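In listed order, ligands and their atoms are each counted from 1. Being a predicted model, the structure only gives us computed values, none of them experimental. In this chain, residues are counted from 1 in sequence order.
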Amino acid sequence: MLHTRTTPAQRRRELRRLLASGRLLRMPGAVNPYSARLIQEHGFEAAYLSGAVLAAELCLPDIGLTSSTEVAARAQQVTRVTDLPVLADADTGFGAPVNAARTVQLFEDAGLAGLHLEDQVSVKRCGHLDGKTLVPREEMVQRVRAAADARRDTGFLLMARTDARGVEGLDAAIDRAKAYVDAGADAVFPEALADEREFAAFRAALDVPLLANMTEFGKSPLLSAATLEDLGYNIALYPVTLFRLANGAVEDGLRTLAAEGTQASLLPRMQTRSRLYEVLGYADYTAFDSAVLDFTLPPGA
Ligand SMILES: C[C@](O)(C(=O)O)[C@H](CC(=O)O)C(=O)O
Ligand SMILES: [Mg+2]
């Protein structure tokens, strides 16, 4: 009942254990708390909270309009329903290095297992678009240092993302990543690498855990989990996959409903009522109050 059994500290330890295991961790982005629960049920090791999805859900572009408190509030709703470690997208840290520090503490309090900070300027954009602007390396070093110092739980994972590949080139991106690790980052997210060779170059240059962003319709090839594991990557990120799938299904459904005047032909593609109730754990609540499950579902529901 009420789904979770573990503390944030346990989940952070679990994330660190997984990152040290040499196995690839598969991390889909949750669209909402319910989908975080589904990610857990389907056997994934961790979940992600994407800045792009959070913004898009509010019908906003991913340009840094959401605030750290808004993201933390959403994160808390997600961490309440899953025992999986959840990594959150902290964009640029939402301002100056002191804002990044505050973000770390807000995200710790939200029960997250870690966050990533990127080296773009505050009016940021998706890492797979052209025309990005970076802050000077020294400013990002300060951002990372402030974030590392702000942690009250040293288990909380601090990941540095560099967007430099598309702006300054691969070598500069690797140099920046090394400086961020020296400043206290536990792990690195090399954004928008062009091919497998570049993924390998990052792995050869750094000995901290690395995340591979397998976002669709972007600049990186969609490498399989097996390939990423062979390359020595620690996390395969699918940040917007569930959101794009859901939106595709919703648009198809709306078209069919409009054209056919009934949703009847869509039923085979819908999650049933009984499956929904199973995920929500209706049955578990009856242990406390038999009135919760004192109904029978119609056949096929
Ligand atoms: C990972 C990311 O930061 C996100 O917010 O999910 C995005 C994903 C995307 O826009 O496809 C990014 O890569 O910038
Ligand atoms: Mg993002």
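- Side chain to side chain, Asp83 and Thr4 fail the donor-acceptor criterion of an N or O pair below 3.5 Å.
- Nearest protein neighbour of atom 10 (O) of ligand 1, counting heavy atoms only, is Cys126 SG, 3.1 Å.
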Please report the C-alpha distance between Arg152 and Glu108 in whole Å, then the side-chain angles of each, then the deciding distance to 0.1 Å, and finally whether the salt bridge (charged side-chain N to carboxylate O under 4.0 Å, His left out) criterion is met.
CA-CA 8 Å; Arg152 290 153 299 177; Glu108 277 183 340; 2.8 Å; yes
Stepwise salt bridge (charged side-chain N to carboxylate O under 4.0 Å, His left out) test for Asp62 and Arg125:
CA-CA 6 Å; Asp62 182 20; Arg125 53 182 71 185; over 6 Å; no
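- Here the side chain of Asn234 pairs a donor or acceptor atom with the backbone of Leu210 at under 3.5 angstrom.
- Considering only non-hydrogen protein atoms, atom 3 (O) of ligand 1 sits nearest to Arg161 NH1, 2.8 Å.
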Please report, to 0.1 Å, the donor-acceptor pairs under 3.5 Å made by any side chain of residues 161-168, with sequence neighbours excluded.
| unit_1 | atom_1 | unit_2 | atom_2 | d |
| --- | --- | --- | --- | --- |
| Arg161 | NE | Glu118 | OE1 | 3.4 |
| Arg161 | NE | Asp163 | OD1 | 2.8 |
| Arg161 | NH1 | Glu118 | OE1 | 3.4 |
| Arg161 | NH1 | Glu191 | OE2 | 3.4 |
| Arg161 | NH2 | Asp163 | OD2 | 3.0 |
| Arg161 | NH2 | Glu191 | OE2 | 3.2 |
| Thr162 | OG1 | Asp119 | OD2 | 2.8 |
| Thr162 | OG1 | Ala164 | N | 3.1 |
| Asp163 | OD2 | Gln120 | NE2 | 3.0 |
| Asp163 | OD2 | Lys132 | NZ | 3.0 |
| Arg165 | NE | Glu198 | OE1 | 2.7 |
| Arg165 | NE | Glu198 | OE2 | 3.0 |
| Arg165 | NH2 | Glu198 | OE2 | 3.1 |
| Glu168 | OE1 | Arg176 | NE | 2.9 |
| Glu168 | OE2 | Arg176 | NH2 | 3.1 |

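- For Val53, no nitrogen or oxygen atom sits less than 3.5 Å from a nitrogen or oxygen atom of ligand 1, counting backbone and side chain alike.
- Below 4.0 Å from some heavy atom of Glu191 lie the following atoms of ligand 1, by number and element: 12 (C), 13 (O), 14 (O).
- Separating the CG atom in Leu280 from the CD atom in Glu278 is a distance of 10.0 Å, to the nearest 0.5 Å.
- Residue Gly127 places at least one N or O, backbone or side chain, under 3.5 Å from an N or O of ligand 1.
- By the 3.5 Å distance cut-off applied to N or O atoms, Ser50 is counted among the residues near ligand 1.
- For Tyr48, every heavy-atom contact with ligand 1 shorter than 4.0 Å involves the side chain, none the backbone.
- Listed for the Thr79 side chain is a donor-acceptor partner under 3.5 Å among the backbone atoms of Ala110.
- Using bins of under 30°, 30° to 60° and over 60° for the plane-to-plane angle, the ring pair His116/Tyr48 lands in the parallel bin.
- Near Thr215, the atoms of ligand 1 lying under 4.0 angstrom from a non-hydrogen atom of the residue are 8 (C), 9 (C), 11 (O).
- In terms of heavy atoms, Val135 sits closest to Arg143 at CG1-NH2, 3.5 Å.
- Counting atoms of ligand 1 from 1 in the listed order, those under 4.0 Å from a heavy atom of Arg244 are 11 (O).
- In this structure, Phe202 and Leu206 have side chains that are in contact, with non-hydrogen atoms separated by less than 4.5 Å.
- For ligand 1, the atoms lying closer than 4.0 Å to a non-hydrogen atom of His128 are 13 (O).
- Of the polar atoms of Ala52, at least one N or O is found under 3.5 Å from an N or O of ligand 1, judged by distance alone.
- At a 3.5 angstrom cut-off on N or O pairs, His116 does not count as close to ligand 1.
- Under the 4.5 Å side-chain criterion, counting only non-hydrogen atoms from C-beta, Thr133 is not in contact with Lys124.
- Criterion: ILVMFWY side-chain heavy atoms under 4.5 Å apart, direct or through other members. Under it, Met214 and Leu193 are part of a common hydrophobic cluster.
- Only protein N, O or S atoms were scored, and 1 of them lie under 2.8 Å from the Mg ion (ligand 2).
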